[in-house]
Enquirer: 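Dropping the structure in here first, questions after.
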Protein chains: 2
Amino acid sequence: MVVDATDPEDARGELERRLGEQLNALISAAHALSVRAAAHFDAGLQPAAFHLARWLYAFGPTNASTLATAVAMDRSAVSRLVGQLRRLGFVRSDPDPQDRRGVIIALTPAGQQRIVAAIAERGLAFQERIAHWSDADLAQLVALLSRLNTPGGADPPR
Amino acid sequence: MVVDATDPEDARGELERRLGEQLNALISAAHALSVRAAAHFDAGLQPAAFHLARWLYAFGPTNASTLATAVAMDRSAVSRLVGQLRRLGFVRSDPDPQDRRGVIIALTPAGQQRIVAAIAERGLAFQERIAHWSDADLAQLVALLSRLNTPGGADPPR
DNA sequence: TATATTGATGGACATATGTCCACCATATGG
DNA sequence: CCATATGGTGGACATATGTCCATCAATATA
């Protein structure tokens, strides 16, 4: 596809297309690393439980329904997996003070440590790639990703 | 954790830690979108096949073994899934001229179109977030991600 | 109080996925 | 030529996952 860079609309569209391409490559590569990280997290644990724990680590506590929507899982499945994680002491689920039908699911310190350890391996893979980056470039990337990750431009709901 | 920003070593480590955190959030959020994108790709197709197709779209043709390693799957599974994709006309597998035991697996134009269409939905989710970004910031992010995604600093093995 | 709604849990079952193994074709080394 | 190694395919089976449904407790509404 040939793009006329002098046309502002097309230039913007091209930028967006290239962002999609780069995100796709990143996510595609990260998937394999995630599979291996999940295996490291806990041997007696279903891999899908790792996704839940990681989401909780990334975005903080929520109730079961929100969590189910966020990770694109059935509520039944989330309930089962949270049960596993709770039995292993990696998450806690306290009744929601606002609506006592619901529960607030949160990582325990033990769970947080496990996540950090499991992710460390993946960290190594990327650390090699940024080894020769300047601090300025690295800081810039972190800042831009941070902005990309907070939909409203506000702080994440920790 | 309190970091002494005047110590260059700690500042660098802190940057790397924050990059890990941001990547984790991005990957965690992207996972749910990927699940939905896979469903859009083809109804009669196993979701895992979408991962294969996406990897081929992101990184280009390879042989079955390399593909299996890259996506952290068993060779048997890759063989089965590639078979499905081939039957649907989304990939081609030609014998490797270098080693005629092996095959080179590549997306067909039809497969490429499907991937682009399936990813478009996810694109919309991110497009909202970057709607108010300046072209300069967007271009900067694309450039930095591009550098992050090419391990050796060289061009990807298309 | 009676009724309907909502959040969560867990059983039951179908489907998808991971893994092991046997097999075939080619390649490699003696 | 023979033995062995390697890339790929597909069968068989165990496990993980997705989905539907019944159930319970707390809310909300009348």
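Convention: sequence-line order gives letters A, B, ...; per-chain numbering from 1. Every heavy atom of this structure was used, including side-chain atoms; hydrogens, water molecules and symmetry mates were not.
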Enquirer: Same hydrophobic cluster for B:Val82 and B:Trp55, using side-chain heavy-atom links shorter than 4.5 Å among ILVMFWY?
Expert: yes
Enquirer: Considering every strand and a 4.0 Å limit on heavy-atom distances, what is the contact class for A:Val78: base, sugar-phosphate, or nothing?
Expert: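 The residue A:Val78 makes no contact with any strand.
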Enquirer: Once each nucleotide of nucleotides 13-18 of chain D is scored for protein heavy atoms under 4.0 Å, what B/S/- sequence comes out, 5' to 3'?
Expert: ---SBB
Enquirer: Regarding B:Thr66 and B:Asn63, do their side chains bring together a donor and an acceptor under 3.5 Å, going by distance alone?
Expert: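 A pair is found: one side chain offers a donor N or O, the other an acceptor, under 3.5 Å apart.
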Enquirer: N/O contacts under 3.5 Å, protein versus nucleotides 24-30 of chain D?
Expert:
unit_1 : atom_1 : unit_2   : atom_2 : d
D:dT27 : OP1    : A:Arg100 : N      : 3.0

Enquirer: Does the B:Arg75 side chain pair with the main chain of B:Ser65, one donor and one acceptor, at a distance under 3.5 Å?
Expert: no
Enquirer: Using the C1' atoms of the five pairs at each end, what is the angle between the end axes of the helix from C:dT1-D:dA30 to C:dG30-D:dC1, to 10°?
Expert: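 End axes: 30° apart.
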Enquirer: May I ask you to evaluate whether B:Ser65 reaches the phosphate of D:dT6, defined as a side-chain N or O under 4.0 Å from OP1 or OP2?
Expert: no
Enquirer: To the nearest angstrom, how far is A:Gln84 atom CD from C:dT9 atom C1'?
Expert: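 In whole Å, C:dT9 C1' lies 14 Å from A:Gln84 CD.
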Enquirer: Which value, rounded to the nearest 0.5 Å, describes the distance between B:Leu33 atom CG and A:Ile27 atom CD1?
Expert: 7.5 Å
Enquirer: So, does the side chain of A:Ser76 form a donor-acceptor pair with the base of C:dG10 at under 3.5 Å?
Expert: yes
Enquirer: Identify which one of B:Leu138, B:Leu141, B:Ile130 satisfies the side-chain contact (heavy atoms from CB on, under 4.5 Å) criterion when paired with A:Leu144.
Expert: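 Result: among B:Leu138, B:Leu141, B:Ile130, B:Leu141 is the only option passing the side-chain contact (heavy atoms from CB on, under 4.5 Å) with A:Leu144.
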Enquirer: Below 4.0 angstrom, N of the basic side chain to O of the carboxylate: do A:Arg12 and A:Asp10 qualify?
Expert: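 No, A:Arg12 and A:Asp10 are not salt-bridged.
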Enquirer: Taking B:Leu148's backbone N and O only, do any of them form a donor-acceptor pair with A:Arg129's side chain (distance below 3.5 Å, no angle check)?
Expert: yes
Enquirer: Does atom CZ of A:Arg92 have more than 12 heavy-atom neighbours, drawn from other residues, nucleotides or ligands, at distances under 6.0 Å?
Expert: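 No, because the 6.0 Å sphere around CZ of A:Arg92 holds 12 heavy atoms or fewer from other groups.
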Enquirer: Report, as yes or no, whether the 6.0 Å neighbourhood of atom CD on A:Glu128 holds more than 12 heavy atoms from other residues, nucleotides or ligands.
Expert: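 Counting neighbours around CD of A:Glu128, 12 or fewer heavy atoms of other residues, nucleotides or ligands fall under 6.0 Å, so no.
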Enquirer: Indicate if B:Leu45 and B:Val35 have the same hydrophobic cluster label, given that clusters are the connected sets of ILVMFWY residues with side-chain heavy-atom separations under 4.5 angstrom.
Expert: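 Shared cluster, no.
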Enquirer: Can you confirm whether B:Arg100 is buried at CZ, in the sense that more than 12 heavy atoms of other residues, nucleotides or ligands lie under 6.0 Å from that atom?
Expert: no
Enquirer: In whole angstrom, give the distance that lies between atom CZ of B:Arg75 and atom P of C:dC23.
Expert: 16 Å
Enquirer: Nearest whole angstrom, please: distance from the C1' of D:dG8 to the CD1 of B:Ile104.
Expert: 13 Å
